[in-house]
Amino acid sequence: MTDRRVVTYATTKLLNQATAARILLELGDLLARQDRADLALTGGRDAADVYALMGADPLSQSVDWSRVHLWWSDERFVGLEDPDRNDEQARRAWYGSLIDQGLLPQANVHPMPVDTRSSAQVEAVDQEENERALTQAAATYQQEIIDQLGPDGHMDLAVFGVGPDGHYASLFPDRSEVKLQDDDLLVTGVSNSPKLPPLRVTMTTPFIRRTPKVWLFTSTAEKASAVAAALGTTDDPHVPSSYARGTLETLWLLDADAASKLR
């Protein structure tokens, strides 16, 4: 298991600026030694701020975006233009501009499947039907990963936020999805999520752990207890982010408030 390294920044602003720059530099390094780079993105307020900074950073001009592929570690299973979708947030904050400029091919963006049903239809069906829809969505995304990267493929870099409850991706405390150990199951559905919206799709821990570099970034005192709990243990289903690790590097990027309870 790779050691977990922690880097702390004095303010949230500095954390977000550094995270944005790190991602851009890592993409440039990857493309200097291989034909393409596959990046798994996350959602949330912190992520949207980081993506906006990536778009504004001059380092972005040094990345050959035609060889970068964007993926999502998890997604809200909602309609295509729902503002809750991680993909929609990232598109508005950042990568939509790259596409508009002709720098990033639309085919290099791999959003997770959408729920094509109306909200009324979703509410009218039973739990089993929702779970079937989630299973199909997860299988579709898994097949896209395999088609692009092969059955043993992996992301090159995966970035995650961390929730106040210690979750990452859509892997929530004490849920069955956290404990999945099937190496052949890359993506799974999540029903009755404790955080709205209730239907989600997520990469699994075994697949995330194929990634050479896994980075987690988070801020604010609200997250301090979760950060301390995650870094104080490993593979604890009460704290899902304690499972996060890469084959080469596991990096936690924090502001001073999020790091305030670390010993």
Side-chain angles (χ1 to χ4, degrees), residues 27 30 34-43 47 65-82 84-91 95 99 104-117 121-122 125 127-160 168-172 175-193 197-214 240 243-247:
L27 290 173
L30 286 165
Q34 59 194 51
D35 291 337
R36 64 183 273 174
D38 289 271
L39 169 64
L41 300 170
T42 188
W65 294 104
S66 70
R67 296 192 285 138
V68 175
H69 288 252
L70 304 181
W71 302 83
W72 271 260
S73 61
D74 74 311
E75 186 58 274
R76 283 86 164 172
F77 191 57
V78 291
L80 179 62
E81 296 183 357
D82 192 303
D84 279 341
R85 276 182 61 84
N86 294 335
D87 169 50
E88 177 65 12
Q89 293 172 8
R91 183 192 65 77
Y95 81 78
I99 292 175
L104 176 69
Q106 181 67 56
N108 287 17
V109 181
H110 306 275
M112 284 185 162
V114 301
D115 193 344
T116 58
R117 303 170 297 176
Q121 288 174 317
V122 173
V125 301
Q127 180 71 11
E128 288 187 2
E129 185 165 335
N130 279 332
E131 289 182 356
R132 283 195 293 271
L134 285 170
T135 298
Q136 181 58 55
T140 297
Y141 205 58
Q142 172 160 323
Q143 190 59 53
E144 184 167 0
I145 293 170
I146 292 171
D147 289 346
Q148 285 281 322
L149 303 176
D152 299 319
H154 57 76
M155 299 292 112
D156 293 300
L157 171 66
V159 294
F160 299 95
Y168 79 121
S170 281
L171 299 168
F172 294 97
R175 297 271 306 197
S176 60
E177 299 88 16
V178 179
K179 305 171 190 177
L180 288 170
Q181 298 183 13
D182 184 351
D183 290 337
D184 294 325
L185 186 65
L186 314 185
V187 186
T188 190
V190 179
S191 60
N192 295 318
S193 162
L199 305 181
R200 293 164 176 252
V201 179
T202 185
M203 290 180 176
T204 64
T205 291
F207 181 58
I208 292 167
R209 285 179 168 180
R210 293 185 191 178
T211 310
K213 296 191 176 185
V214 170
Y243 283 84
R245 60 178 179 259
T247 60

- Counterpart residues, ring pair (Phe, Tyr, Trp, His ring centres under 6.0 Å), relative to H154 (two or more places apart): none

- When rounded to the nearest 0.5 angstrom, what is the spacing between NZ in K213 and CG in L30? 7.0 Å

- Item | Partner set under side chain to side chain contact (heavy atoms under 4.5 Å, CB included) for Q181, not counting sequence neighbours | none

- Which residues share a salt bridge (charged side-chain N to carboxylate O under 4.0 Å, His left out) with R91, sequence neighbours left out: E88

- With sequence neighbours left out, what residues match Q106 under side chain to side chain contact (heavy atoms under 4.5 Å, CB included)? I99, V109

- Where do P197 and D84 come nearest, in terms of heavy atoms and distance? CD-OD2, 4.3 Å

- Identify, with sequence neighbours excluded, every residue that meets side-chain hydrogen bond (donor to acceptor under 3.5 Å, both in side chains) alongside Y95. D87

- Qualifying residue, where the test is side-chain contact (heavy atoms from CB on, under 4.5 Å) with T202 and the options are L180, I208, L171: L171

- Working to the nearest 0.5 Å, report the span between CG of D183 and OG1 of T205. 11.0 Å

- Task: Check side-chain hydrogen bond (donor to acceptor under 3.5 Å, both in side chains) between R209 and all other residues, then give those that pass, not counting sequence neighbours.
- Result: D235

- Item | I145 side chain near H110 side chain, heavy-atom distance below 4.5 Å | no

- Results of salt bridge (charged side-chain N to carboxylate O under 4.0 Å, His left out) for D38 - residues two or more places apart only: R36

- dist W72:CH2 -> L39:CG (nearest 0.5 Å) comes out at 8.5 Å

- Shortest non-hydrogen pair, E177 vs V190, comes out as CG-CG2, 3.9 Å

- In chain order, what residues pass the side-chain hydrogen bond (donor to acceptor under 3.5 Å, both in side chains) check against T204, with sequence neighbours excluded? none

- Message: Tell me the closest heavy-atom pair linking A37 and D156, and the distance in Å.
- Response: CA-OD2, 3.4 Å

- Under the side-chain hydrogen bond (donor to acceptor under 3.5 Å, both in side chains) rule, what do R117 and N130 come out as? Steps first, then yes or no, please. CA-CA 10 Å; R117 303 170 297 176; N130 279 332; 2.9 Å; yes

- Note on the structure: The side chain to side chain contact (heavy atoms under 4.5 Å, CB included) partners of S73 (sequence neighbours excluded) come to T42, F160, A169, M203

- Query: Got a second to check how far M112's CE is from Q142's CD, nearest 0.5 Å?
  - Reply: 10.5 Å

- Message: Can you pull out every salt bridge (charged side-chain N to carboxylate O under 4.0 Å, His left out) where at least one residue sits in residues 142-153? Sequence neighbours excluded, please.
- Response: none

- Message: Rounded at 0.5 Å granularity, tell me how far OG in S193 sits from CG in D74.
- Response: 9.5 Å

- Message: Tell me every residue that passes side chain to side chain contact (heavy atoms under 4.5 Å, CB included) with S191, counting only those two or more places apart in sequence or in another chain.
- Response: Q127, E131, L134, L199

- Query: Does a side-chain heavy-atom distance below 4.5 Å link D115 with D82?
  - Reply: no

- Task: Return the set of residues passing ring pair (Phe, Tyr, Trp, His ring centres under 6.0 Å) with W65 (not counting sequence neighbours), or none when no residue passes.
- Result: W94

- Note on the structure: Between Y243 and V178 the two heavy atoms that sit nearest each other are CE1-CG1, 3.5 Å

- What one should report as the nearest heavy-atom pair of A137 and P113 is O-CG, 3.4 Å

- Between R175 and N192, does any side-chain donor sit less than 3.5 Å from a side-chain acceptor? no

- Message: Angle between ring planes, Y141 versus W71, binned at 30° and 60°: parallel, tilted or perpendicular?
- Response: perpendicular

- Message: Treating R85 as the side-chain partner and E75 as the backbone partner, does any N or O pair qualify as donor plus acceptor under 3.5 Å?
- Response: no

- Non-hydrogen atoms of S66 and P105 that approach each other most closely: CA-CD, 3.7 Å

